[in-house]
> 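Before we start, here is the structure in question, set down as C-alpha cells.
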Protein chains: 2
Amino acid sequence: MDEALRAVADPTRRAILMLVRDEEVSAGVIAGHFPGISRPAVSQHLGILVAAGLVTVRRAGNRRYYRLRREGLAEAATFMETMWSAPLARLKEAAEREERARTDDEEARG
Amino acid sequence: MDEALRAVADPTRRAILMLVRDEEVSAGVIAGHFPGISRPAVSQHLGILVAAGLVTVRRAGNRRYYRLRREGLAEAATFMETMWSAPLARLKEAAEREERARTDDEEARG
DNA sequence: TAAGTATTTAAGCAACATCTTACACAGCTT
DNA sequence: AAGCTGTGTAAGATGTTGCTTAAATACTTA
C-alpha cells in the first residue's frame, strides 16, 4: 500500500494514471501529454507506477503499452474508505462480518 | 488534493489518522504510540496533517486535541473511486449526470 | 547491416522530506 | 512568582525525489 500511495501522491503520475485508465497507451503518446518534462522523466514515472503495481506494461515491437492495473489500488482504496466511513458504519460492517463468520461456522459444522 | 495525498503517503501519518479517526486524542497520547520517533517529529507530522486539512485541532488548557477531518479526504477519495470504477460504471455515471442535468433543466423551464 | 525510431538506463544535481537535538512558549500548580 | 508539564518551533544533518542530459538498448526498415 505504501508504494501505491507514494506513487499516487505525485500529480504527474496521477495524470498518467488517468491517461491509461481505460485503454493501453504507449510511452511516447503518454510523454506527448507532458510537454513540460522530458521523455526520460516520464519513463521514470512509468517505472515507479509499474513497480507500485498500479500499471502493467505490454511490449509490442518497438513500443511499450501501459495500462491501469486496478487491483494495485485496492489497499489504498480500502484505507480511504476506512477513514471515510463514519464510526457507526464501521460498527455495522464489523457486525456483519461477525454475522457472516458465525453463519459460515454453522454451515461448516453442518 | 495534492497536499492530502502527499500527507497520506507517509505511514506514520496514516497511523496517526487511524488513531484520531473516531475520537479526539492529545498530542502526547499520539506521540506515545510512536516510541520509535521523537515528540517533535510527531508534532511535525500533526502540523502537516492539519495543513492538509486532514485533522482539526482543539486547544484545551495545556493540551491540544486532534481529530480526523473527513472532508479533507473527499477529493482524494473521489480520485480513488474514479480510478477504481470500471469504464462501464463511469459511462453509466456520466449518463446519469446528464439525465439529471436534463431533468433539472426541464424543471427550471417549468 | 546500417541507419532510424521508441524507449529506458546512468549519472549528477537541486529541491524537498524527515528526523534529531536544543530551545521557546503557554498554561497549570504550588 | 517559580517551576513543572505539554507542546510547538528552529536549525541542521541526512536521505529521498524528480528532474536533466548523455548514453545505451531493442526493434524496424531500407
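Per chain, numbering begins at 1; letters A, B, ... match sequence-line order.
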> Between C:dA6 atom P and A:Arg64 atom CZ, what is the distance in whole Å?
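Atom-to-atom, A:Arg64 to C:dA6, this comes out as 14 Å.
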
> Measure CG/B:Asp2 against C1'/C:dC16 and give the value in whole Å, please.
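Between C1' of C:dC16 and CG of B:Asp2: 14 Å.
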
> With hydrophobic residues grouped by side-chain heavy-atom distances under 4.5 Å, do A:Ile16 and A:Tyr65 end up in a single group?
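In one cluster with A:Ile16: A:Tyr65, no.
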
> Roughly how many Å is it from CD1 in A:Ile48 to P in C:dT7, rounded to a whole number?
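A:Ile48 atom CD1 is separated from C:dT7 atom P by 18 Å.
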
> Using atom OH of A:Tyr65 as one end and atom C1' of C:dA6 as the other, report the distance to the nearest whole Å.
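It works out to 10 Å between those atoms.
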
> Would you compute the distance between atom CZ of B:Arg67 and atom CG of B:Leu54 and round it to the nearest 0.5 angstrom?
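It is 15.0 Å, given to the nearest 0.5 Å.
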
> Just the rounded figure in Å: distance from C1' of D:dA13 to CD of B:Gln44.
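Atom-to-atom, B:Gln44 to D:dA13, this comes out as 13 Å.
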
> Rounded to the nearest 0.5 Å, what's the gap from NE2 on B:His45 to CZ on B:Arg13? Could you check?
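The CZ atom of B:Arg13 is 5.5 Å from NE2 of B:His45, to the nearest 0.5 Å.
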
> Could you check which of D:dC27, C:dT7, D:dT17 has an atom nearest any side-chain atom of A:Asn62?
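Closest nucleotide among those given: D:dC27.
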
> Considering heavy-atom distances to DNA chain C, does A:Val57 or B:Asp10 have its closest nucleotide positioned more toward the 5' end?
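So the residue in question is A:Val57.
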
> For a quick test of reading the model: is some side-chain N or O of A:His45 closer than 4.0 Å to OP1 or OP2 of D:dC19?
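Indeed, a polar side-chain atom of A:His45 lies that close.
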
> In residues 27-40 of chain A, which residues come under 4.0 Å of DNA chain D by heavy atom?
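Here the set is A:Gly36, A:Ile37, A:Ser38, A:Pro40.
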
> Mapping A:Arg13 and A:Arg59 onto DNA chain D by nearest heavy atom, which one lands closer to the 5' end?
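That would be A:Arg13.
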
> To the nearest Å, how far apart are A:Arg63 CZ and C:dT5 C1'?
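Spelled out: CZ on A:Arg63 to C1' on C:dT5 is 8 Å.
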
> Would a single hydrophobic cluster contain both A:Tyr66 and A:Phe34, if residues Ile, Leu, Val, Met, Phe, Trp and Tyr are joined by side-chain heavy-atom contacts under 4.5 Å?
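Yes, A:Phe34 and A:Tyr66 fall within the same hydrophobic cluster.
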
> Roughly, in whole Å, what's the span from CG in A:Leu5 to P in C:dA17?
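Value for this atom pair: 17 Å.
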
> Measure from CZ on A:Arg6 to C1' on C:dA17 and round the result to the nearest Å.
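In whole Å, C:dA17 C1' and A:Arg6 CZ are 12 Å from each other.
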
> Return the CG to CG distance between A:Leu17 and A:Leu68, rounded to the nearest 0.5 Å.
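Going from CG on A:Leu17 over to CG on A:Leu68, the span is 6.0 Å.
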
> Kindly compute the distance separating OG1 (B:Thr82) from CG (A:Leu73), expressed to the nearest 0.5 Å.
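Here the interatomic distance stands at 11.0 Å.
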
> Between B:Asp2 and A:Arg14, is there a salt bridge with N-O shorter than 4.0 Å?
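Salt bridge between A:Arg14 and B:Asp2, a charged N being under 4.0 Å from a carboxylate O: yes.
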
